[in-house]
Visitor: 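Input: one structure, supplied below.
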Amino acid sequence: MELNLTQQFLTQNDCYREGRLLAPKGVMVHSTGVAQPDPEVFIRRWDQPGVEKCVHAFVARDKVIQTLPWTTRGWHAGTGTSGRSANNTHLSFECCEPAGHTYKGGEMVGYNVEANRPYFDAIYRNAAALTARLCKEFSLDPLEPGVVICHAEGHELGVASAHGDVLQWWPKHGVTMDQFRQDVARAMEDDGSEEDDMTQERFDELMNGYLAGLAQLPPGQWSAPARQWAEEQGIISGGDGGLFRYRTFPTREETVQLLYKFSQTLEK
C-alpha cells in the first residue's frame with residue numbers, strides 16, 4: 001500500500017519536550033471523537049504547552065502526518081484498570097473523523113454511513129498502511145494478541161482509559177479490529193511487485209465510491225447565480241436526498257434532459 005507520510009513534530013507539546021524513550025511493542029488505533037477531518041486543526045491545538053495528550057501521528061483521508069518520533073513515548077492511552085498504560089508499550093495514531101455528526105453518550109449521532117463510505121475507505125487504507133509500516137519497522141506481528149489494538153480494546157485489556165474508539169465508528173462500515181489486523185498482515189506481505197490484481201468488480205466498487213464522493217461535494221460560490229437561475233427554471237433539480245450533484249459528471253442521458261428542459265424555457 002502506498003502511504004503519503006509527512007512529519008510535523010509537536011515540538012511545543014510537553015510530551016515531546018519530556019522526550020521519554022519508547023521501545024514499541026504494539027500499535028494502538030484511536031479516532032478523534034469529533035467531526036473534524038482536517039488534521040492541521042488538531043496539530044495547531046496540540047502543538048503548545050499544557051496539552052495533556054500527544055500521539056505519534058494523525059491519519060487523514062489523503063495523508064498521514066507523523067507528530068512524534070516513533071521511539072518517543074506518547075500520551076494517548078491513559079491508565080487502565082490494571083494500573084498499567086499502553087503509553088509505555090504502544091505507538092499511537094488518531095484517525096480523523098469526517099464532518100457532519102455529533103456525539104451523545106459516546107455514540108455518533110447523525111452519521112451518514114453511505115455518504116461517508118469513500119471517506120472511511122480512504123482512512124482505513126491509510127491506517128492499515130501505516131500500521132503495516134510500523135509493524136515491519138519494529139518487527140511486530142499484528143496477529144499476536146495485544147499487538148495491534150484500538151483504544152476500546154486497550155481498556156478491555158486494562159491498559160487504557162474507558163474510551164470507545166474506534167468501535168463507535170468502524171463497525172458502522174462493517175469493519176472489525178480482527179479484519180483490520182488481517183489486512184495489516186496482508187499489507188506486510190506485499191513485496192511491492194507491480195502485479196496488477198485489479199478486477200472489474202473492484203474497479204467498479206472504487207469508481208462508484210469516487211462518484212458518490214463527488215456527489216457529496218458542495219458547489220463553488222462563483223456559480224451561485226447560475227445555479228439559482230437553473231434551479232428556478234426547473235432545468236436542474238435535486239435527486240435522491242435533495243443532492244444536486246454539481247461536482248460530479250453528467251451522463252448523456254442527463255445532458256439531453258438538461259437540453260430538453262432548457263429548450264422548454266425558450267418556448268415560454
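Only a predicted model underlies this, so the values are computations on that prediction, with no experimental measurement involved.
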Visitor: To the nearest 0.5 Å, what is the distance between CZ on Arg125 and CZ on Arg61?
Guide: 9.0 Å

Visitor: Distance alone, cut at 3.5 Å: any donor-acceptor contact between the side chains of Gln48 and Gln12?
Guide: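 No, because no side-chain N or O of Gln48 sits under 3.5 Å from a partner of the opposite role on Gln12.
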
Visitor: Share the residues that join Tyr260 in a hydrophobic cluster, the rule being Ile, Leu, Val, Met, Phe, Trp or Tyr side chains under 4.5 Å apart at the heavy-atom level.
Guide: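 Members besides Tyr260: none; it forms no cluster.
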
Visitor: Side chains of His151 and Ser92 only: does a donor on one sit below 3.5 Å from an acceptor on the other?
Guide: no

Visitor: Quick one: salt bridge (Lys or Arg N to Asp or Glu O under 4.0 Å) pairs with a partner in residues 151-179, sequence neighbours left out?
Guide: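 As it turns out, the salt bridge (Lys or Arg N to Asp or Glu O under 4.0 Å) pairs with a partner in residues 151-179, which skip direct neighbours, are Glu153-Arg181, Asp178-Arg181.
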
Visitor: Kindly indicate, with the supporting measurements, whether the criterion side chain to side chain contact (heavy atoms under 4.5 Å, CB included) is fulfilled by Lys261 and Ile236.
Guide: CA-CA 8 Å; Lys261 288 186 175 181; Ile236 292 287; over 6 Å; no

Visitor: List the steps, then state whether ring-ring contact (aromatic ring centres under 6.0 Å, His included) holds for Trp70 with Phe138.
Guide: CA-CA 10 Å; Trp70 302 132; Phe138 294 100; 7.6 Å; no

Visitor: For Tyr103 and His101, take the angle between the two ring planes, folded into 0 to 90°, and tell me which bin it lands in: parallel under 30, tilted 30 to 60, perpendicular over 60.
Guide: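 Because their plane-to-plane angle is over 60°, the rings of Tyr103 and His101 count as perpendicular.
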
Visitor: Indicate yes or no: at least one non-hydrogen side-chain atom of His30 is less than 4.5 angstrom from one of Phe93.
Guide: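 Side-chain contact under 4.5 Å: no.
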
Visitor: Could you work out the complete set of other residues in the hydrophobic cluster of Ile149, with links drawn between I, L, V, M, F, W and Y side chains under 4.5 Å apart?
Guide: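 Ile149 shares its hydrophobic cluster with Met28, Leu157, Val159.
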
Visitor: Say whether Trp169 and Tyr111, considering side chains only, have a donor N or O and an acceptor N or O under 3.5 Å apart.
Guide: yes

Visitor: Taking transitive links into account, so neighbours of neighbours count too, which hydrophobic residues share a cluster with Phe9 at under 4.5 Å side-chain distance?
Guide: Tyr16, Leu68

Visitor: What's the spacing between Ile65 CD1 and Leu10 CG if we round to 0.5 Å?
Guide: 10.0 Å

Visitor: Shortest non-hydrogen contact from Thr79 to Ser85?
Guide: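 Reported closest heavy-atom pair: CA-CB, 4.3 Å.
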
Visitor: Between His163 and His155, does any side-chain donor sit less than 3.5 Å from a side-chain acceptor?
Guide: no

Visitor: Indicate whether the side chain of Gln228 and that of Glu232 have a donor and an acceptor atom separated by less than 3.5 Å.
Guide: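 Yes, Glu232 and Gln228 have a side-chain donor paired with an acceptor closer than 3.5 Å.
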
Visitor: Check residues 31-43 and write down every donor-acceptor pair under 3.5 Å in which the side-chain atom is one partner and the other belongs to a residue at least two apart or another chain.
Guide:
unit_1	atom_1	unit_2	atom_2	d
Ser31	OG	Glu97	OE2	3.0
Ser31	OG	Gln168	NE2	3.0
Thr32	OG1	Val34	O	3.3
Gln36	OE1	Asp38	N	3.0
Asp38	OD1	Glu40	N	3.0
Glu40	OE1	Gln8	NE2	3.3

Visitor: Not counting sequence neighbours, which residues clear ring-ring contact (aromatic ring centres under 6.0 Å, His included) with Trp75? List them please.
Guide: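 Per chain and number, Trp75 pairs via ring-ring contact (aromatic ring centres under 6.0 Å, His included) with no residue.
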
